2 protein chains.
Amino acid sequence: MARAASTPSALLSSDLIRAAGVKVTRGRVRVLDALQDARQPLCHSEVEAQLAGTEDTAIDRVTLYRILDSLVACGLALKAVDTRGVFRFSIAGGQRQHANHIHFRCTDCGGVFCLKAEPPPPPKLPRGFRLCEVEFDVRGTCATCSTRSAA
Amino acid sequence: MARAASTPSALLSSDLIRAAGVKVTRGRVRVLDALQDARQPLCHSEVEAQLAGTEDTAIDRVTLYRILDSLVACGLALKAVDTRGVFRFSIAGGQRQHANHIHFRCTDCGGVFCLKAEPPPPPKLPRGFRLCEVEFDVRGTCATCSTRSAA
DNA sequence: TCTCAAATGCAACATTGTTGCATTTACGCG
DNA sequence: CGCGTAAATGCAACAATGTTGCATTTGAGA
Ligand SMILES: [Mn+2]
Ligand SMILES: [Mn+2]
Ligand SMILES: [Zn+2]
Ligand SMILES: [Zn+2]
């Protein structure tokens with residue numbers, strides 16, 4: 001089964017940052033690398049933890065907040081709030097390739113799988129309402145997890 | 001626009017609370033009244049401000065958090081996070097009456113609005129996958145919030 | 001190399017939400 | 001009504017997340 005995956009592009013973070021028109025700093029490169037490697041949007045503390053796993057020096061907490069916001073400001077990252085009210089960051093553009101099909105989320109392993117079906121058309125909205133995003137969320141257990149739990 | 005979870009009845013808050021199976025306290029009645037009167041989901045501080053406008057004594061900050069959560073726990077209120085990561089509360093109606101149509105969630109105020117359209121049918125899944133839940137999430141800004149942000 | 005706006009580190013602060021515990025209160029029951 | 005008790009409240013402390021101000025350092029163009 002085709003797993004939803006991050007971009008296979010070997011574009012260096014430093015190149016992306018330079019192309020975005022902001023200074024290439026060690027912090028920005030490390031954070032963007034972390035977002036690229038991540039398989040889901042990361043919150044501030046998760047990025048911090050990821051960075052702590054490296055041998056490099058730690059980035060200041062406030063600086064990390066500012067780096068994340070700067071990546072969003074220059075279009076390299078996306079910022080969204082999760083159900084607990086915490087901001088999560090992901091690389092921008094990674095979602096575009098998954099725009100015209102729907103996804104299945106395994107509630108067991110957390111995996112996201114691409115389905116063949118197209119997303120349903122957005123409904124008609126009352127006057128004055130502004131559509132921003134339509135998400136068809138299909139949840140359950142994937143084949144692997146279903147087999148394992150049936151055993 | 002028909003707001004989701006609007007109660008057509010003039011049921012007293014105290015009756016609703018009693019029927020929900022929890023103790024009828026002055027705080028719960030006042031908070032539920034505030035949510036009923038509100039035209040949009042209110043966050044903690046907004047409920048606090050609303051209550052401060054009355055002549056009654058102020059409710060402790062922690063108690064207000066606990067009252068709001070208790071109203072959610074007993075099914076009288078709904079809790080959703082807004083775009084800034086703040087929880088907003090609104091009165092809940094019967095959820096059964098909202099089974100056959102889809103909803104629009106305002107990412108600004110957290111409000112939930114009933115739409116006329118039916119929910120889309122569940123997609124066909126790959127072999128071995130087990131469907132558990134399907135959710136059609138339509139997000140954007142409601143008429144009120146769209147007007148306000150355009151100003 | 002020089003220069004300086006941009007980025008960083010650090011301290012302090014703000015907002016939102018939670019936990020522990022002593023006190024008070026709602027309400028079922030005799 | 002008056003009791004007993006579990007639930008609810010008030011208060012202090014704490015936690016998590018995010019922001020502001022300011023002095024210092026640094027990326028990168030001239
Ligand atoms: Mn928050
Ligand atoms: Mn996909
Ligand atoms: Zn799975
Ligand atoms: Zn709204």
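By convention in this document, chain letters (A, B, ...) are assigned in the order of the sequence lines, proteins followed by strands, and residues within each chain are numbered from 1. Worth saying up front: this structure is predicted, and the values here are computed from it rather than measured.
- The separation between B:Leu68 atom CG and D:dA8 atom C1' is 14 Å, rounded to whole Å.
- Per the geometry, OH belonging to B:Tyr65 stands 18 Å off P belonging to C:dG20, to the nearest Å.
- B:Phe89 has its CZ atom 10 Å from the C1' atom of C:dG17, to the nearest Å.
- Looking at B:Arg105 and B:Asp137, no side-chain N of the basic residue comes within less than 4.0 Å of a carboxylate O on the acidic one, giving no salt bridge.
- The backbone N or O of B:Lys23 lies less than 3.5 Å from a partner atom in the side chain of B:Arg28, making a donor-acceptor pair.
- Of all nucleotides listed (C:dT16, D:dA8, D:dT19), D:dA8 comes nearest to the side chain of B:Arg28.
- Judged by distance alone, with hydrogens and angles left aside, B:Arg66 brings no side-chain donor or acceptor close enough to the base of C:dG17 to form a pair under 3.5 Å.
- Screening residues 41-85 of chain A for ring-ring contact (aromatic ring centres under 6.0 Å, His included) gives A:His44-A:Tyr65 as the qualifying pairs, with residues at least two apart or on separate chains.
- For the segment residues 54-64 of chain A, residues with any heavy atom less than 4.0 angstrom from an atom of DNA chain D are, sorted by number, A:Arg61, A:Val62.
- Summary of helix geometry: the two end axes of the helix from C:dT1-D:dA30 to C:dG30-D:dC1, each defined by five base pairs via their C1' atoms, are inclined to each other by 30° (rounded to 10°).
- For B:Phe87, the ring pair (Phe, Tyr, Trp, His ring centres under 6.0 Å) criterion is met by no residue, not counting sequence neighbours.
- Per the geometry, CZ belonging to A:Phe87 stands 15 Å off P belonging to C:dT15, to the nearest Å.
- The salt bridge (Lys or Arg N to Asp or Glu O under 4.0 Å) contacts involving residues 60-69 of chain A comprise A:Asp69-A:Lys79, where partners must be two or more places apart or lie in separate chains.
- Per the geometry, CG belonging to B:Leu71 stands 13 Å off C1' belonging to D:dA8, to the nearest Å.
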Counting only pairs under 3.5 Å, give me each side-chain donor-acceptor contact of residues 45-53 of chain B, with atom names and distances, residues two or more places apart or in other chains.
unit_1  : atom_1 : unit_2  : atom_2 : d
B:Glu46 : OE1    : B:Cys43 : N      : 3.0
B:Glu46 : OE1    : B:Arg88 : NH2    : 2.5
B:Glu46 : OE2    : B:Arg88 : NH2    : 2.7

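- The separation between A:His44 atom NE2 and D:dA15 atom P is 18 Å, rounded to whole Å.
- Taking A:Ala20 as the reference, A:Cys74, A:Leu76 meet the side chain to side chain contact (heavy atoms under 4.5 Å, CB included) condition, with sequence neighbours excluded.
- For B:Arg84 and D:dG18, the CZ to P distance is 13 Å, given to the nearest whole Å.
- A donor and an acceptor atom never sit less than 3.5 Å apart when one is taken from the side chain of A:Arg26 and the other from the base of C:dG9.
- Closest to the B:Val86 side chain, of the nucleotides D:dG18, C:dG17, D:dT19, is C:dG17.
- In this view, B:Phe89 satisfies the ring pair (Phe, Tyr, Trp, His ring centres under 6.0 Å) rule with no residue, not counting sequence neighbours.
- Residue pairs meeting the salt bridge (Lys or Arg N to Asp or Glu O under 4.0 Å) criterion with at least one member in residues 112-122 of chain B: none, sequence neighbours excluded.
- Legend: residues meeting side chain to side chain contact (heavy atoms under 4.5 Å, CB included) with A:Pro119, ordered by chain and number and at least two apart, are A:Ile102.
- Rounded to whole Å, atom P of D:dA8 lies 17 Å from atom CZ of B:Arg30.
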Contact list (N/O, under 3.5 angstrom) for nucleotides 28-30 of chain D vs protein:
unit_1 : atom_1 : unit_2  : atom_2 : d
D:dA28 : OP1    : A:Val24 : N      : 2.7

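- Not a single donor-acceptor pair under 3.5 Å links the side chain of A:Thr63 to the backbone N or O of A:Ile59.
- For A:Val29, the side chain to side chain contact (heavy atoms under 4.5 Å, CB included) criterion is met by A:Ser13, A:Ser14, A:Ile17, A:Val24, A:Asp33, not counting sequence neighbours.
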